[in-house]
Amino acid sequence: MLSFESDYIEGAHEKILQRLVETNREQLSGYGADHYCESAKTKIREACCCPQAQIFFLTGGTQTNMLVIHTMLKPYEGVVAAETGHVSLHEAGAIEAHGHKVIQLPQVQGKLCADDLRKYLEQFMQDENHEHMVYPGLVYISHPTEYGTLYSKAELEALSGICREYQIPLYMDGARLGYALVSPGTDVTLPVIADLCDVFYIGGTKVGALCGEAVVFTKNNMPPCFLTMVKQQGALLAKGRLLGIQFDTLFTDDLYVRISRHAIEMALLLKKGFRQKGCTFYLDSPTNQQFIILENAEAERLKEHVVLSFWEKTDETHAVYRFATSWATQKEDVEALLELF
């Protein structure tokens, strides 16, 4: 059975497993106060060209989004996101469960547009009743988006400029950030992100790690007592070394970049094959997530041989399905999948 269901269906890159075994008997302080965590932080700061960055390791994406948003917002504030944003749809109300409204704005191919953001903020401030409303306290985007699309540097500059004008932090969800950084034609780099965003995270779970996300506060703006609030929410890992060792490995010898590039190479091979087979694309994604429209009967036939991810219905007889490659995808599996069409 083939699987293109997601990009975290395998365990971890072999170099990470090797490092975990090699360091297994070392006696290290807990809660991230070990030299591997410090080494990983140093390497991330260098990769971001952001020496002042404050970095904290957490275990998963939903946990990270909830904690960053919860700790950065005041009780009367909400987070602005595209209506298709991950926090809007696929996190089981984690943000709302902690008392903060997700303020949804329109999306264009998964992206939040600067014009829509400005229009909303202007209307909010001009509303004579805005003191009775949830204040916009943070702007959330993801890169790549839920549809595998990417922001350009110009788009990020526009969003960042509006956020700074209104003194609202810009937060980037980077669960699949590795795949965005190496996609063809992108002009967005880690230093660009560190410059334009107030906080973002570097995803490990979907990019070669067993688990783990590296939160980067770029403006010396980590919320006070962040560790304490992380622990209060039950999210502080006692064996913080497990995360530090993984990110230290990912940011050694460009491993994060190299394995991300492999996923993109496999995605482009898959995309080329889909085109040759005459498949209908839902949109043009340059990343490791490819979305095609399948007739219902065709999808059921494919499911006998491959695990794929339903995305959304387009009509009564067709639906969008996602095919995701990863750092571990084999060329032979891509070829075998294409033979099924």
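Computation of the quantities below employed the complete heavy-atom set of this structure, encompassing side-chain atoms and omitting hydrogens, waters and symmetry-equivalent molecules. Everything numeric in this text was worked out from a predicted model, so none of it was measured.
With rounding to the nearest 0.5 Å, the separation of SG in Cys113 from CG in Leu105 is 10.0 Å. Here the CD-OG1 distance, from Glu213 to Thr205, works out to 3.5 Å after rounding to the nearest 0.5 Å. Between atom CD of residue Glu304 and atom CG of residue Leu340 there is a gap of 10.5 Å, rounded to the nearest 0.5 Å. Atom CD1 of Ile55 and atom CD1 of Ile44 lie 4.5 Å apart (nearest 0.5 Å). The CD atom of Glu10 lies 6.0 Å from the OG1 atom of Thr329; values are rounded to the nearest 0.5 Å. With values rounded to the nearest 0.5 angstrom, Leu227 atom CG is found 5.0 Å from Leu236 atom CG.
Neither side chain, Tyr36 nor Gln246, offers a donor N or O lying under 3.5 Å from an acceptor on the other. With 3.5 Å as the limit, one finds no donor-acceptor pair spanning the side chains of Lys206 and Ser326. Side chains of Gln63 and Thr59: a donor on one and an acceptor on the other come within 3.5 Å. With no hydrogens or angles considered, a side-chain donor-acceptor pair links Tyr282 and Glu312 at under 3.5 Å. If you check the side chains of His132 and Asn129, you find no donor sitting under 3.5 Å from an acceptor. Side-chain contact check for Tyr179 and Asp7: no donor-acceptor pair (N or O, by modelled atom type) lies under 3.5 Å. In summary, the side chains of Glu77 and His100 do not present any donor paired with an acceptor at a separation below 3.5 Å, with no hydrogens or angles considered. No hydrogens or angles considered: nothing links the side chains of Thr317 and Glu295 as a donor-acceptor pair under 3.5 Å. Donor-acceptor pairing under 3.5 Å is lacking for the side chains of Thr23 and Arg19.
The list of side chain to side chain donor-acceptor pair (under 3.5 Å) pairs with a residue in residues 257-273, not counting sequence neighbours, reads Lys271-Asp284.
In this structure, the side chain of Gln330 engages the main chain of Ala328 through a donor-acceptor pair within 3.5 Å. At least one donor-acceptor pair under 3.5 Å links the side chain of Thr189 to the backbone N or O of Val192. Although no hydrogens or angles enter the test, the distance criterion places no donor-acceptor pair under 3.5 Å between the side chain of Thr218 and the main chain of Asp195. In terms of modelled atom types and a separation under 3.5 Å, the side chain of Asp116 and the main chain of Ala114 share no donor-acceptor contact. Between the Ser39 side chain and the His35 main chain, no donor and acceptor come within less than 3.5 Å of each other. Remark: side-chain polar atoms of Glu316 are not paired, donor with acceptor, to backbone N or O of Lys313 under 3.5 angstrom. Side-chain atoms of Lys15 never come within 3.5 Å of backbone atoms of Leu250 as a donor-acceptor pair (strictly under, hydrogens ignored). Within the 3.5 Å criterion, the main-chain N or O of Gln109 finds a donor-acceptor partner in the side chain of Gln107.
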Verify salt bridge (Lys or Arg N to Asp or Glu O under 4.0 Å) between Arg118 and Glu165, making sure each step is shown before the conclusion. CA-CA 10 Å; Arg118 179 176 291 281; Glu165 179 182 341; 2.9 Å; yes
Verdict with supporting geometry, Glu155 and Lys111, salt bridge (Lys or Arg N to Asp or Glu O under 4.0 Å): CA-CA 10 Å; Glu155 288 172 328; Lys111 293 189 283 188; 3.1 Å; yes
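Other residues, nucleotides and ligands contribute only 12 or fewer heavy atoms inside 6.0 Å of the CG atom of Asp253. Other residues, nucleotides and ligands place more than 12 heavy atoms under 6.0 Å from the CZ atom of Phe57.
Hydrophobic clustering (side-chain heavy atoms under 4.5 Å, transitive across Ile, Leu, Val, Met, Phe, Trp, Tyr) keeps Leu73 apart from Tyr120. Ile141 and Phe217 fall into different hydrophobic clusters, defined by Ile, Leu, Val, Met, Phe, Trp and Tyr side-chain heavy atoms under 4.5 Å apart, directly or through other members. Ile95 is not connected to Ile103 by any chain of hydrophobic side-chain contacts under 4.5 Å among Ile, Leu, Val, Met, Phe, Trp and Tyr, and they are in different clusters. In terms of hydrophobic clustering, with Ile, Leu, Val, Met, Phe, Trp and Tyr side chains grouped at heavy-atom distances under 4.5 Å, Leu255 and Val182 are assigned to a common cluster. Hydrophobic cluster membership differs between Tyr171 and Ile162, with clusters built from Ile, Leu, Val, Met, Phe, Trp and Tyr side chains linked at under 4.5 angstrom.
A salt bridge between Glu122 and Lys119 is absent, with no side-chain N of the basic residue lying under 4.0 Å from a carboxylate O of the acidic one. Residues Glu38 and Lys41 are paired through a salt bridge, judged by an N-O separation under 4.0 Å between the basic side chain and the carboxylate.
A cation-pi arrangement, defined by a distance under 6.0 Å to the six-membered ring centre and an angle within 45 degrees of its axis, is absent between Lys303 and Tyr321.
In terms of the salt bridge (Lys or Arg N to Asp or Glu O under 4.0 Å) criterion, Glu22 has no residue partners (sequence neighbours excluded).
The six-membered or imidazole ring of Phe323 lies away from that of Phe291, with a centre-to-centre distance of 6.0 Å or more. Note: His130 and Tyr135 meet the aromatic proximity criterion, with ring centroids under 6.0 Å apart.
Among the candidates Trp327, Phe251, Phe247, the single residue satisfying the ring pair (Phe, Tyr, Trp, His ring centres under 6.0 Å) test with Tyr256 is Phe251.
Note: Phe281 and Phe274 have perpendicular aromatic rings, judged against thresholds of 30 and 60 degrees for the angle between ring planes.
Minimum heavy-atom separation, Ser29 to Asp34: O-CB, 3.9 Å.
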